[in-house]
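Let me begin by presenting the structure, written as structure tokens, before commenting on it.
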Amino acid sequence: MIEIIAISGSLRAASTNSALVAALATNAPAACRVQVYDGLGRLPIFNPDDEGERTPPEAAQLIEMITRADGVIVSCPEYAHGVPGGMKNALDWLVSRDAAVGKPAMLVHASPRSLYARAALAEIMRTMSFAMDEERTLEIALLGKKPAEVEAILSEDANREAMRGAVRDFVEFIRGR
């Protein structure tokens, strides 16, 4: 069984990115399990003085989850042409660890407009030595939709199949490493 951690880079209650990762978990193919990480908002601000034995429990949990996972999927909004602070903070907690080194990762998108954040996030994750699956992509346009509309869009057969296919392809990428 392939274990994948899915992270939404948004803290917003009605986040389309969070809805997308939740839908990926629900629609994961039988060959894997997608677990949604929900601790982004509880992570303390990264401080190198708090590493090692002083690592806060919330950060230690994230590090352990990423270490144990076979792969990571991230769906992240764009704020002011960049990666939101909460997502960058989570990645900062992983920088000096081995958790990200060679870890297969894939970005998925809930907005066709997040081009700057996509590029920045991919660059950050490549710099951290994540093994980015950049050939496969999933984009389901949810920007500006109300929660009921988001749910309806993510429930459409074509989108459910696209999510299963994207995760299935990512599992093959993981296995091929």
Side-chain angles (χ1 to χ4, degrees), residues 4-25 27 34-48 58-59 62-63 65-66 69 71-97 99-147 149-154 156 158-159 162-163 165-167 169-170 173-174 177:
I4 297 171
I5 300 299
I7 302 172
S8 168
S10 177
L11 297 177
R12 175 179 264 180
S15 164
T16 56
N17 292 282
S18 297
L20 180 55
V21 296
L24 284 171
N27 291 288
V34 176
Q35 179 182 358
V36 176
Y37 172 70
D38 65 355
L40 198 68
R42 293 185 301 276
L43 283 173
I45 295 173
F46 174 72
N47 180 342
E58 299 87 351
L62 170 65
I63 294 161
M65 287 178 77
I66 300 296
V72 178
I73 296 174
V74 176
S75 183
C76 190
E78 177 173 297
Y79 295 141
H81 283 187
V83 177
M87 185 69 226
K88 179 62 169 77
N89 184 53
L91 292 171
D92 286 346
W93 279 110
L94 300 171
V95 167
S96 66
R97 320 291 173 134
V101 177
K103 183 70 61 178
M106 178 175 79
L107 302 179
V108 297
H109 312 287
S111 170
R113 295 192 327 198
S114 61
L115 301 178
Y116 292 100
R118 288 181 197 195
L121 186 57
E123 177 62 19
I124 291 164
M125 292 177 74
R126 277 192 303 271
T127 299
M128 293 174 64
S129 299
F130 275 98
M132 298 301 295
D133 182 357
E134 298 188 62
E135 289 184 27
R136 293 153 187 83
T137 186
L138 174 68
E139 179 183 296
I140 299 178
L142 302 172
L143 179 68
K145 305 295 183 198
K146 293 181 179 5
E149 294 171 304
V150 169
E151 185 178 331
I153 291 167
L154 293 173
E156 292 173 5
N159 287 330
M163 288 183 277
V167 175
D169 289 346
F170 184 49
F173 176 78
I174 292 167
R177 296 209 35 80

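Note that these values count all heavy atoms, side chains included, but never hydrogens, waters or copies made by symmetry. Sequential numbering from 1 along the given sequence is applied to the chain's residues.
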| Salt-bridge criterion met for Arg118 and Glu123 (N-O under 4.0 Å) |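 Looking at Glu123 together with Arg118, the answer is no, because their closest N to O distance does not fall below 4.0 Å.
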Count the heavy atoms of every other residue, nucleotide or ligand shown that sit under 6.0 Å from [atom1] of [X], and state whether that count exceeds 12.
X: Arg113; atom1: CZ; result: no
X: Ile45; atom1: CD1; result: no
X: Glu134; atom1: CD; result: yes

Test item: [X] and [Y] side chains (from C-beta on) under 4.5 Å apart, heavy atoms:
X: Val167; Y: Asn27; result: no
X: Ile66; Y: Ile7; result: yes
X: Leu62; Y: Ile5; result: no
X: Pro84; Y: Pro77; result: yes
X: Thr16; Y: Arg12; result: no
X: Leu91; Y: Met128; result: yes

For [Y], is there any backbone N or O sitting under 3.5 Å from a side-chain donor or acceptor partner on [X]?
X: Trp93; Y: Pro44; answer: yes
X: Asn89; Y: Gly85; answer: no
X: Arg136; Y: Ala166; answer: no
X: Lys103; Y: Ala131; answer: no
X: Asn159; Y: Ile153; answer: yes
X: Glu139; Y: His109; answer: no

| query | Is it the case that Ser8 and Asn17 place a side-chain donor and acceptor less than 3.5 Å from each other? | reply |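 No, Asn17 and Ser8 have no side-chain donor paired with an acceptor closer than 3.5 Å.
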What's the separation between atom [atom1] in [X] and atom [atom2] in [Y], rounded to the nearest 0.5 Å?
X: Glu135; Y: Asp169; atom1: CD; atom2: CG; result: 10.0 Å
X: Phe130; Y: Ile124; atom1: CZ; atom2: CD1; result: 11.0 Å
X: Ile140; Y: Lys145; atom1: CD1; atom2: NZ; result: 13.0 Å
X: Met125; Y: Met106; atom1: CE; atom2: CE; result: 10.5 Å

| request: Go through Ser114 and Tyr79 one step at a time and tell me if the side chain to side chain contact (heavy atoms under 4.5 Å, CB included) criterion holds. | output: CA-CA 9 Å; Ser114 61; Tyr79 295 141; over 6 Å; no
Can you give me the closest heavy-atom contact between [X] and [Y], atom names plus distance?
X: Val36; Y: Val21; answer: CG2-O, 3.7 Å
X: Met163; Y: Leu20; answer: SD-CD1, 4.2 Å
X: Ala19; Y: Leu154; answer: O-CD1, 3.5 Å
X: Phe46; Y: Asp92; answer: CE1-O, 3.5 Å
X: Ala110; Y: Ser75; answer: N-OG, 4.2 Å
X: Val83; Y: Ala117; answer: CG2-O, 4.0 Å

| message | Could you walk me through whether Leu107 and Met132 satisfy the side chain to side chain contact (heavy atoms under 4.5 Å, CB included) test, starting with their C-alpha distance in whole Å, then the side-chain angles of each, then the deciding distance to 0.1 Å, before giving a yes or no? | response | CA-CA 8 Å; Leu107 302 179; Met132 298 301 295; 3.9 Å; yes
| query | How far apart are the C-alpha atoms of Leu94 and Ile63, what are their side-chain angles, what is the distance that settles it, and do they pass the side chain to side chain contact (heavy atoms under 4.5 Å, CB included) test? | reply | CA-CA 6 Å; Leu94 300 171; Ile63 294 161; 3.8 Å; yes
| task | With side chain to side chain contact (heavy atoms under 4.5 Å, CB included) as the test, would you mind laying out the steps for Met65 and Tyr37 before giving the verdict? | result | CA-CA 8 Å; Met65 287 178 77; Tyr37 172 70; 3.6 Å; yes
| task | Please list, chain by chain and in numerical order, all residues satisfying side-chain hydrogen bond (donor to acceptor under 3.5 Å, both in side chains) with Glu58, sequence neighbours excluded. | result |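 Glu58 satisfies side-chain hydrogen bond (donor to acceptor under 3.5 Å, both in side chains) with no residue once adjacent residues are dropped.
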| request: Over 60° means perpendicular and under 30° means parallel, so classify the ring planes of Tyr116 and His81, tilted if in between. | output: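 The arrangement is parallel - the two ring planes meet at less than 30°.
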